[in-house]
Amino acid sequence: MNLTIDASIVIKWFIAEPLSDEARLLLARRIQLHAPALVLAEFANTIWKKARRGEISHPQQYLEELPGLSDVITLHSGADLTERAAQIAIEIDHPIYDCLYLACGEATNSDLITADKRFAGRATERLAGARIRYIGTPDVAGWIEAMGIAPVIEQS
């Protein structure tokens, strides 16, 4: 099973926040995770912000995790996604940075999982057929768990 994730999910793997337990469910072995390469910069930027606000005291330990993220997430070039992301951004009136994740989901034929409730709501409301799920929705955690244990070979 393929899923696209954004930086709001990745940060929850390392820092205990609301919805961290749900985000960690995505690390199940049978779920192939995708994201635009931008996810690395957004993760690093979030660590910087949290350090600046005094929410974390040793940002370097988190930044040392950056190289390992490509072992867990298949990264996709932003250059390949930018044109579609720009179209989505115009359509839903939302920053292109977030829309890169939706474009990645389309390119990989996967749902986007996000902890950004505002973005998920806007995309769902304004983009016909948007495949985006807010991780805080009650049924999403169960859906993720089911995907992680689903049989590899489906019976027909």
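This structure is a prediction, so every number in the text was calculated from the model and none was measured. Computation of the quantities below employed the complete heavy-atom set of this structure, encompassing side-chain atoms and omitting hydrogens, waters and symmetry-equivalent molecules.
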Pairs under 3.5 angstrom only: tabulate donor-acceptor contacts from the side chains of residues 125-134 to other protein residues two or more places apart or in another chain.
| unit_1 | atom_1 | unit_2 | atom_2 | d |
| --- | --- | --- | --- | --- |
| Arg126 | NH1 | Ile92 | O | 3.1 |
| Arg131 | NE | Asp111 | OD1 | 2.6 |
| Arg131 | NH1 | Asn109 | OD1 | 2.7 |
| Arg131 | NH2 | Asn109 | O | 3.4 |
| Arg131 | NH2 | Asp111 | OD1 | 3.0 |
| Arg133 | NE | Asp111 | OD2 | 2.9 |

Non-neighbouring partners of [X] that pass salt bridge (charged side-chain N to carboxylate O under 4.0 Å, His left out), sequence neighbours left out:
X      : answer
Arg84  : Glu106
Arg24  : Asp21
Glu65  : none
Asp116 : none

Close side-chain approach of [X] to [Y], heavy-atom, < 4.5 Å:
X      : Y      : answer
Leu3   : Thr108 : no
Glu22  : Val140 : no
Lys117 : Arg122 : no
Arg30  : Met1   : no
Ile135 : Ile144 : yes

Reported [atom1]-to-[atom2] distance for the pair [X] and [Y], which is rounded to 0.5 angstrom:
X      : Y      : atom1 : atom2 : value
Arg118 : Asp98  : CZ    : CG    : 8.5 Å
Leu102 : Glu91  : CG    : CD    : 10.5 Å
Arg52  : Ile47  : CZ    : CD1   : 15.0 Å
Thr46  : Lys12  : OG1   : NZ    : 10.0 Å
Asp6   : Leu100 : CG    : CG    : 11.5 Å
Ile5   : Cys104 : CD1   : SG    : 9.5 Å

Is a donor on one side and an acceptor on the other found under 3.5 Å between the side chain of [X] and the backbone of [Y]?
X     : Y      : value
Ser8  : Ala115 : yes
Ser20 : Ile15  : yes
Ser77 : Ala79  : yes

Set of ring pair (Phe, Tyr, Trp, His ring centres under 6.0 Å) partners for Phe119, sequence neighbours left out: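 Checked Phe119 against ring pair (Phe, Tyr, Trp, His ring centres under 6.0 Å); matches are His94.
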
Phe14: partners by ring pair (Phe, Tyr, Trp, His ring centres under 6.0 Å), with sequence neighbours left out: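 Partners of Phe14 under the ring pair (Phe, Tyr, Trp, His ring centres under 6.0 Å) test: Phe43.
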
Taking only residues two or more places apart in sequence, or in another chain, which ones meet [X] in a side-chain contact (heavy atoms from CB on, under 4.5 Å)?
X     : value
Ala51 : Ile56, Pro59
Gln60 : Leu63, Glu64
Pro18 : none
Glu42 : Ala7, Leu38, Tyr97, Tyr101

Show every donor-acceptor pair shorter than 3.5 Å between a side-chain atom in residues 66-74 and any protein atom, with sequence neighbours excluded, or say none if there are none.
| unit_1 | atom_1 | unit_2 | atom_2 | d |
| --- | --- | --- | --- | --- |
| Ser70 | OG | Pro67 | O | 3.1 |
| Thr74 | OG1 | Gln32 | NE2 | 2.5 |

Least distance between heavy atoms, Ile88 atom then Ala103 atom: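 In terms of heavy atoms, the two residues are closest at CD1-N, 3.9 Å.
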
What are the two closest non-hydrogen atoms of Thr4 and Gly105, and how far apart are they?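 Result for this residue pair: OG1-CA, 3.3 Å.
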
Is there a path of hydrophobic side-chain contacts, each under 4.5 Å between heavy atoms, that joins Ile96 and Ile90?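 In one cluster with Ile96: Ile90, no.
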
Verify the cluster assignment for Val10 and Trp48: are they in a single hydrophobic cluster under the rule of side-chain heavy atoms below 4.5 Å apart?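 No.
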
Does atom CZ of Arg53 have more than 12 heavy-atom neighbours from other groups under 6.0 Å away?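 For Arg53, atom CZ is crowded (more than 12 foreign heavy atoms under 6.0 Å).
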
